[in-house]
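Below is one structure, written out as structure tokens, with a few remarks after it.
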Amino acid sequence: MKHGFVKVAAATPELRVADVLFNWKKIAETIAKADKEGVQLLVFPELSLCGYTCGDLFGQKVLLDGCMQALREVAGETKGRKLLVFVGVPVRLGGVLYNCAAAVCDGKVLAFVPKTHLPNYAEFYEKRNFQPYTGENAQVEFFGEKIPFGNKIIFADENEKDFTVAAELCEDLWVPNPPSAAHAHAGANIIVNLSASDETAGKAEYRRLLVRAQSAKTVSGYVYADAGDGESTTDMAFSGHNIIAENGEILKESELFENGMIVSEIDAEKLSFERRRINTFYDGRDLAGYCVLSFRAGRGGEKLTRPVARLPFVPQGGALDERAELILSIQSAGLKKRLAHTGAKTAVLGISGGLDSALALLVTVRAFRKLGKDLKDVVAVTMPCFGTTDKTFNNSLALMRELGVTSRTVNIADSVRAHFKDIGHDESVKNAAYENAQARMRTMVLMDIANDTGGIVVGTGDLSELALGWATYNGDHMSMYGVNASVPKTLVKYLIAYEADRLGGKLKETLYDILNTEISPELLPPEDGKIAQKTEELVGPYELHDFYLYYAIRWGFSPKKVLFLAEKAFGGVYDGETIKKWLVRFYRRFFSQQFKRSCLPDGVKVGSVSLSPRGDWRMPSDASAESWLKELE
């Protein structure tokens, strides 16, 4: 597929033990089906040509010769089909038998990869019939051709540089040092595992954990194909537990005891980026002995079937409450340390009646409780001016009252007007000076109250605002510690909702009213008593900008790929023109506003993205956005 996605599949077809003719026909049918669906990489279970449970029949020449002939037929089925197929087969070499994965593409057998670790405990007795292979790469004769044989082989697509594959078999995953670790170091972005893991109570959960963990440790895509219905049940039952994972996340998983094929897309480009980012991934070990074999797969079609979350910063499913509690604990722990280290008597915050200041106050209260400090030393200040509405003002007062902190109201209108007079600004001209003077006056008030009470100013600005530069330089942009510095706007909402539900009562009512208030800096006079300045009408929807921030900055995706994913995620919510318009705006603002991020106050990192100039993000303030914008033209 385009944008670095590789369409992969794990298949468990119907099988008859030792009936090679029946099995290869079922495999051929699956290959045809996968090809029709645009699959580029297809993986079958361990010993899938004959069945894993053949036992001592593996000593029969009829079975072994039949498997070789069947593999030749399977290879023929791939002729003209642009997909790489791995099928399980027993292979004779040097007078012994090996349990192998055969890699097949476009009518040819490319290589045989033998199993490294053979289980010989509990219900498994593989060493009775097979030998483990730990030697260097060799060759095996296959119908007059010399075919590479070994477990140090990387398969590389000729057209897609990030589409690189290596194989391991079943038990190889379960050992302390799986071969896939070396494969990943050698450059394989995708690991395939041909398996015959029998089903026992609790084993599916453990298997799932192993696949997720190995894909995370190796920063790889992992395609696990498991033996299923049709294997002998003399002593074991097989469930066909197929799994497709990527860097610790399961993309697709089959139902137990249901033979079939699962399909998803692995983002090989994303994996390559992450490996480059993690400078400990390549550890300089000797990778001598690996060989690279070329193949040519198709394009994989245009349709992306894997889900693309609209809110990538927000945990999905039942993990939200647990994650919300963790993030709030990280924020409050950071502030607690800063308060203790500075010996601050008070924490001073500006409370606007909006989302960010509400979250900052909730975090500050948590920090004070951890320190055993009196909440009256949390000095919360509301500073109404020209744009303040009754709703936000009243919510500010209610929030402070319900949390039991010290509440102060400082109307800054007269001070701002005096400042206008000092600098010769006409109040009727509502330009940047008109707006930013209010933000800077509020910051001055907070700083001076902090000095007067022996405290520090706790910043309220969030990650989304920092990305867009939606803050007044040396106004709300500045504080003595920014608790929301790495919390994006979409996550701010969920954290507040979590706290509202946890705390309950009148506080819950106030917090939900704040959640339902339009986002605004309230720097322009209200219209008919309602907010006139609506942030998302000016800079764009935060759910889009947070999406762009995650994929463009965290993963380094190109503008075209970010646009592609956004259209997939937000199709039916926004049209393509709207999505592209705000993506252009995101890049323009992100580049032009770096100077504000270059001098940010300290603020604890809570997630995978931080724009701290001392941590995750170091960028020159005069970098040009032209190359990124040109790609979107």
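Each residue takes its place number in the sequence, starting with 1.
No close placement of the Tyr498 and Tyr494 rings is indicated, their centers lying 6.0 Å or farther apart. Separation of the His3 and Phe557 ring centroids does not fall under the 6.0 Å cut-off.
Between Glu269 and Lys2 there is no salt bridge, since no side-chain N of the basic residue sits under 4.0 Å from a carboxylate O of the acidic one. In this structure, Arg442 does not pair ionically with Asp476, as no charged nitrogen and carboxylate oxygen lie closer than 4.0 Å. Using a 4.0 Å cut-off between a side-chain N of Lys or Arg and a carboxylate O of Asp or Glu, Arg277 and Glu274 qualify as a salt bridge. Here Asp602 pairs with Arg338 in a salt bridge; the nearest charged N to carboxylate O distance falls below 4.0 Å. Using a cut-off of 4.0 Å between Lys/Arg side-chain N and Asp/Glu carboxylate O, Glu499 and Arg502 are scored as salt-bridged. At a threshold of 4.0 Å, the pair Arg208-Glu253 counts as salt-bridged, since one of the basic side-chain nitrogens sits closer than that to a carboxylate oxygen. We find that Glu465 and Lys489 are joined by a salt bridge, their nearest charged nitrogen and carboxylate oxygen being less than 4.0 Å apart. Salt-bridge check for Lys391 with Glu518: failed, with every basic side-chain N at 4.0 Å or more from each acidic carboxylate O.
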- Task: Would you check, one step at a time, whether the test side-chain contact (heavy atoms from CB on, under 4.5 Å) holds for Tyr222 with Ile191?
- Result: CA-CA 5 Å; Tyr222 204 100; Ile191 306 297; 3.6 Å; yes

- Stepwise side chain to side chain donor-acceptor pair (under 3.5 Å) test for Ser215 and Asn247: CA-CA 5 Å; Ser215 71; Asn247 198 21; over 6 Å; no

- Decide yes or no on side-chain contact (heavy atoms from CB on, under 4.5 Å) for Ser558 and Glu631, but give the supporting numbers first. CA-CA 8 Å; Ser558 68; Glu631 185 174 299; 3.2 Å; yes

- Before giving the answer on side chain to side chain donor-acceptor pair (under 3.5 Å), spell out for Asp501 and Tyr512 the whole-Å C-alpha distance, their side-chain angles and the decisive distance to 0.1 Å. CA-CA 9 Å; Asp501 293 338; Tyr512 269 99; 3.0 Å; yes

- Task: Take Asn395 and Asp513 through the test side chain to side chain donor-acceptor pair (under 3.5 Å) and record every step on the way to the result.
- Result: CA-CA 8 Å; Asn395 276 339; Asp513 199 33; 3.1 Å; yes

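In this pair, His425 and Phe420 present their aromatic rings tilted. The plane angle is within the 30 to 60° band. In this pair, Phe591 and Tyr587 present their aromatic rings tilted. The plane angle is within the 30 to 60° band.
In this structure, Lys561 forms no cation-pi arrangement with Phe564, as its terminal cationic atom is not both closer than 6.0 Å to the ring centre and no more than 45° off the ring axis. Relative to the six-membered ring of Phe590, Arg585 misses at least one condition, a distance below 6.0 Å or an angle of at most 45° to the axis.
Side chain of Thr443 to main chain of Gly475: a donor-acceptor pair is present (N/O by atom type, distance under 3.5 Å, no hydrogens or angles). Arg275 places no side-chain N or O within 3.5 Å of a backbone atom of Phe281 that could act as its donor or acceptor partner. One N or O on the side chain of Lys596 and one on the backbone of Gly469 form a donor-acceptor pair closer than 3.5 Å. Between the side chain of Thr392 and the backbone N or O of Thr388 there is no donor-acceptor pair closer than 3.5 Å.
The shortest side-chain heavy-atom distance between Pro521 and Thr535 falls under the 4.5 Å cut-off. Within the 4.5 Å cutoff, the side chain of Trp617 has no heavy atoms near those of the Val609 side chain. Annotation: side chain of Leu397 is in contact with side chain of Thr409 (closest heavy-atom distance under 4.5 Å). Side-chain contact between Ser407 and Arg401: absent, with no pair of heavy atoms (C-beta onward) separated by less than 4.5 Å. Residues Val219 and Asn189 fail the side-chain proximity criterion, which asks for heavy atoms closer than 4.5 Å. Using a 4.5 Å heavy-atom threshold, the side chains of Phe313 and Leu549 count as touching. At least one side-chain heavy atom of Phe547 sits under 4.5 Å from a side-chain heavy atom of Leu565. Annotation: side chain of Leu271 is in contact with side chain of Ile266 (closest heavy-atom distance under 4.5 Å).
Each of Leu403, Val458, Leu349 was evaluated against Val378; a single residue qualifies, Leu349, per the side chain to side chain contact (heavy atoms under 4.5 Å, CB included) test. Put simply, the residue from Glu435, Lys430, Glu522 that forms a side-chain hydrogen bond (donor to acceptor under 3.5 Å, both in side chains) with Gln533 is Glu435.
Annotation: the span from Asn436 atom CG to Asn474 atom CG amounts to 10.5 Å, rounded to 0.5 Å.
Within a 6.0 Å radius of CZ in Arg417, more than 12 heavy atoms belonging to other residues, nucleotides or ligands are found. For Asp575, the CG atom is densely surrounded, since the number of other residues' heavy atoms within 6.0 Å is greater than 12.
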